[in-house]
Amino acid sequence: MITTDFTPIDYDYFDFEGRNYARIIGRDKQGKRVCVIDSCPIYLWAILSDKLNEKKIKNLIEEIKEIRLDIKGRQTNVEKVELHDKNFLGKKVQALKIFATNYKDLHDIADRLVLPGIENRRGYDLGFVTHYIVESGISPLQWYKIEGDVLDNSGEFGGIDQNLDSDLTIRLQKHKKIVDDIKEPGFAPKILAYDIESDEFQIGKGEILMVSLVGENFKKVITFKKPHKKLDYVEVVKDEAELLERFVHHVRKVSPDFLVGYFSDGFDLPYLKARATHLKIPLNLGLDDSQPRFFRAGAGKGLGTGKISGIVHIDLMKFIQTAYAQYMQSETLSLNEVSREFLGDSKKDFKFKHSSKIKKEEWDDYFEYNLHDSVLTYGLFQKFWPDMQEFVRVIQEPVFDLSRAGLSRYTESYILHNLDKFNEIPERRPKYEEIGERRNVRVEGAFVFEPTPGLYENIAMFDFTSMHTSIIVTHNLSKSTFLKKKEKNSYESPEITEKGKKVKYYFSKKPGFFPELMKEIFELRKKAKEDYKKNPNITTKARSNAFKLLSASAHGYVAFFGARYYSHEASASILAFVRKYNKETIEKVEKAGHKVIFGDTDSVAFLMNNKTEADIKKLLEKLNSELPGIMQLELEDFFTRGLWVTRRTGTIGAKKKYALIGKDGKLKIRGFETVRRDWCHLARELQNKIIRLILKDGNEIQALKYLKEIVKKVKQREIARDEITIRTMLQKPIEDYKAISPHVIAAKKMKALGIPISGANLIEYFVAETREKKSLVREKVKLPEEKGEYNIEYYLNRQILPAVENIFQVFGIEVREIFSGKKQTKLGDFK
DNA sequence: GGTGGCGTTTTACC
DNA sequence: ACAGGTAAAACGCCACC
């Protein structure tokens, strides 16, 4: 017997004599690697029909006990059956807890349970690891005091400890959570970042020229190419095979908790595996000597995820995409841009070419480039680790799974790990046909107010705090609280138009577990925010962020076709309430004597009309006193000026396109080309400057002068290539495009010239002058590397002037008439 | 051969 | 396929005169 402290990092399981055993890899407080072997009850639920008498239940139990399975080379049977009072979708039910030997048999047992008296079979599709965490209460990245027998070359479980590179292997007997306190320092993980460079981009097609590894006080580039100067981090080997061997050697020697790459699920790890297979080199990176395995689960864009036993392989890009992308400034998820935003550092300059064309002295730059990619990846992991850690603690799924999950899984995991509090049996995942049906229904979304174009002064803006989530909580909306028929004393949705008919949906007043959990998230977020204000550090901030994201995804989850707790009725009702509350707020603000300028989903912007800020705050208080439940309106800010413009065609105001300036001079620009990456920098920066000049002192003449300067520069060809480059994302394979737009042409050109498309799939091009007169833009597309002069007419008439023309129209200035020479043949011009 | 409506595509807002 | 709907805008495509 031994007692130690322990934090679980990675979970998997193995079979021994037909039974499942969880194998948890973690650390103790001294940083020693500890492996814990444990088991848990394996079972599924059979939910019984309402009116089943005792005798029938008894017979059913006897019948189930007789089930024998002979599948996949295993012979097993139902071990035990118990009758329990449970809840399923908020309803009291009687359910049979059916115990089996092996988790993998549960599906087959469920298939045998299609019996009279059994309504539903549930709880067999969670996956062993999730099931184990729920059952055992041993959650990732928490601290436990554990007690058990040491397995030291014991030969138990077929000698599992003998082949495992851990300091201590324990067969668990007892465990106790020792801290659940945010002040407890988290564990400092051992990290190794890696990156490869190869000749060909297609996986396994070319040779791997070099691999870089970066850890704490550890920097290495392994290569079989010769350095020009002496570089102490370069380890020269004889060939690619030895490179792979040395890579494995170093990873095993450092033995990190996390092997971290950037887009490494889609490139680095599969490439290493492919080359190792080709060269017959074992890539035994696992703690148990196993090779990386690839799973298609969670595969976006047809890529799998790479798993290494005992060492958590992390592809940072996916985590950043899920948890950060919506709050980031970066326009792509490229390592370069993300590093620049979060680390203030970027990739080293290196112009790719085939290895046969790289000159002797250029190799040193390539090594440095390769090393620096790992340096950046290492830095990013350090930066994001506190957040990743808090997400793991909150949703209670292992780091590996969290790092590959999308927002729906975050929410769903949180639910699944908290169902016990409600004595709830988990709902199953939707079947293929259900997903198809769900994808076919559309629901009407939020209301967007049509603004009147103009320049306004003294504007106030209100918005609802976590609007969708507070609606879910206030009106108890969810799958399980939805009532098929109206009951007295129930919540009622506003009127909804569906398929041309007006309907209303009704929800029980008895608090449902989903709204209750969302309320919990809502409150925990509030508390985390207060904790952060009191004690600002990375952990309190990370926790606040985690709950913020979970809270923001609540409605998205309910409306997501893949969700276990998907509900069309709840989603449609949530959105109907969103429209109702926004419209009501707009009416009330107008009634209070203010002209409303704009509103989108959860916000309303209006003129202060000589009222003081204190008056506006009083109005806010009054509006809040009239709101039900946890609904809350807050003051977004006061603005000194705001600009709304017309849509490109016509005279109606453009929604979602405005610019505001705060009392502190800070700009808030929404929707304008300034924030869109598919416009060239020149047009974006010009527009930004014009907006700035106009909002700062409301003087359009200064802005017009500035425009004149830029137009002159364009006409005199003084604009740099980079400024006129247009960047657009290629969203699918080139062949799949029906419409051949300019960026598709550019992508085709790149393919023909063998220029690799960046990991971010961003296509860059510019519009050039052509000898013959061509009308289509795509016929004038050139790659940034190509020779040619930019097309003055295009940049003037299709980029510069469109970016600013409707801003000047607010002041009655027609910039096209001033600058473009030609008259536009728009209808408006003849009136 | 110009043009106007429509479908496709990308990107942003909340 | 892997959180949702609303909206702006550009461009190609195609019928039409």
Side-chain angles (χ1 to χ4, degrees), chain A residues 296-302 318 321-322 325-326 331-332 404-412 429-430 432 435-436 438-439 441-450 463-464 466-469 549-563 565-566 568 570-572 574-575 578-579 582 598-603 636 645-650 652-658 668-679 726-732 736-745 761-763 767 775-779 781 794 798-799 802-803 806 825-827:
Chain A
R296 286 195 66 82
K301 290 176 190 169
K318 178 72 188 170
Q321 186 175 38
T322 303
Q326 57 179 320
E331 287 171 3
T332 68
R404 267 79 177 179
L407 286 177
S408 70
R409 262 206 71 190
Y410 282 23
T411 307
E412 192 151 282
R429 278 199 292 260
Y432 186 76
I435 290 178
R438 291 174 182 189
R439 286 171 67 84
V441 271
R442 291 200 67 80
V443 253
E444 187 187 344
F447 167 73
V448 188
F449 187 94
E450 188 191 304
D463 60 11
F464 281 92
S466 300
M467 192 186 207
H468 299 74
T469 312
L549 198 66
L550 271 184
S551 178
S553 326
H555 167 252
Y557 175 78
V558 173
F560 169 52
F561 53 77
Y565 295 103
Y566 166 91
H568 164 73
S571 170
I574 292 163
L575 289 167
V578 166
R579 293 190 293 272
N582 195 346
F598 185 56
D600 185 350
T601 310
D602 62 352
S603 68
E636 154 76 29
V645 297
T646 62
R647 287 207 307 230
R648 189 78 71 222
T649 48
I652 42 173
K655 297 170 176 182
K656 298 180 191 283
K657 201 170 171 182
Y658 58 91
K668 185 183 168 111
I669 299 178
R670 293 290 121 99
F672 275 107
E673 286 74 6
T674 291
V675 298
R676 291 182 65 98
R677 72 161 175 226
D678 54 350
W679 282 66
I726 297 166
R727 296 170 179 85
T728 312
M729 181 125 76
L730 197 65
Q731 302 264 38
K732 51 190 175 188
D736 290 3
Y737 278 92
K738 286 183 201 167
I740 310 301
S741 46
H743 81 292
V744 178
I745 288 290
N761 271 336
L762 213 59
I763 305 298
V767 179
S775 59
L776 291 179
V777 177
R778 67 171 179 201
E779 293 167 328
V781 164
Y794 175 84
R798 308 290 281 274
Q799 293 271 327
N806 39 17
T825 46
K826 273 195 305 188
L827 201 64

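A note on names: the letters A, B, ... follow the listed sequences, proteins ahead of strands, and every chain is numbered from 1. Being a predicted model, the structure only gives us computed values, none of them experimental.
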Should the ring pair A:F598 and A:Y658 be called parallel, tilted or perpendicular, given that the plane angle runs from 0 to 90° and is split at 30 and 60?
tilted

Taking atom C1' of C:dA7 as reference, at what distance in whole Å does atom NZ of A:K655 sit?
8 Å

In whole Å, measure the gap between the P atoms of C:dA1 and C:dG5 for me.
16 Å

Length of the line joining A:Y432:OH and C:dC2:P, which is rounded to integer Å
13 Å

When we call it a touch if two heavy atoms are under 4.0 Å apart, what does A:G406 touch: a base, just sugar-phosphate, or nothing?
sugar-phosphate

A:R727 meets the salt bridge (Lys or Arg N to Asp or Glu O under 4.0 Å) criterion, sequence neighbours left out, with A:D722, A:E764

Closest to the A:L776 side chain, choosing from C:dA3, C:dT6, C:dG12:
C:dG12

Closest to the A:F561 side chain, choosing from C:dA3, C:dA1, B:dT9
C:dA1

Identify each atom pair where a protein N or O and an N or O of nucleotides 11-14 of chain B are less than 3.5 Å apart, giving names and distance.
unit_1 : atom_1 : unit_2 : atom_2 : d
B:dT11 : OP1    : A:R677 : NE     : 2.9
B:dT11 : OP1    : A:R677 : NH2    : 3.2
B:dT11 : OP1    : A:M729 : N      : 2.8
B:dT11 : OP2    : A:R677 : NH2    : 3.2
B:dT11 : O4'    : A:R676 : NH2    : 3.2
B:dT11 : O2     : A:R676 : NH1    : 3.1
B:dA12 : OP1    : A:V675 : O      : 2.9
B:dA12 : OP1    : A:R677 : N      : 3.2
B:dC13 : OP1    : A:G671 : N      : 2.8
B:dC13 : O2     : A:K656 : NZ     : 3.1
B:dC14 : OP1    : A:Y658 : OH     : 2.5
B:dC14 : OP2    : A:R670 : NH1    : 3.2
B:dC14 : O3'    : A:D600 : O      : 3.4
B:dC14 : O3'    : A:D602 : OD1    : 2.2
B:dC14 : O3'    : A:D602 : OD2    : 3.3

Need one value for A:H743: base, sugar-phosphate or nothing, where a base atom within 4.0 Å counts as base even if backbone is also close, heavy atoms only.
sugar-phosphate

Check every strand shown and say whether A:Y565 touches a base, only sugar-phosphate, or nothing at a heavy-atom separation below 4.0 Å.
nothing

For A:R409, which contact category applies under a 4.0 Å heavy-atom criterion: base, sugar-phosphate, or nothing?
nothing

With a non-hydrogen cut-off below 4.0 angstrom, is A:G556 in contact with a base, only sugar-phosphate, or nothing?
base

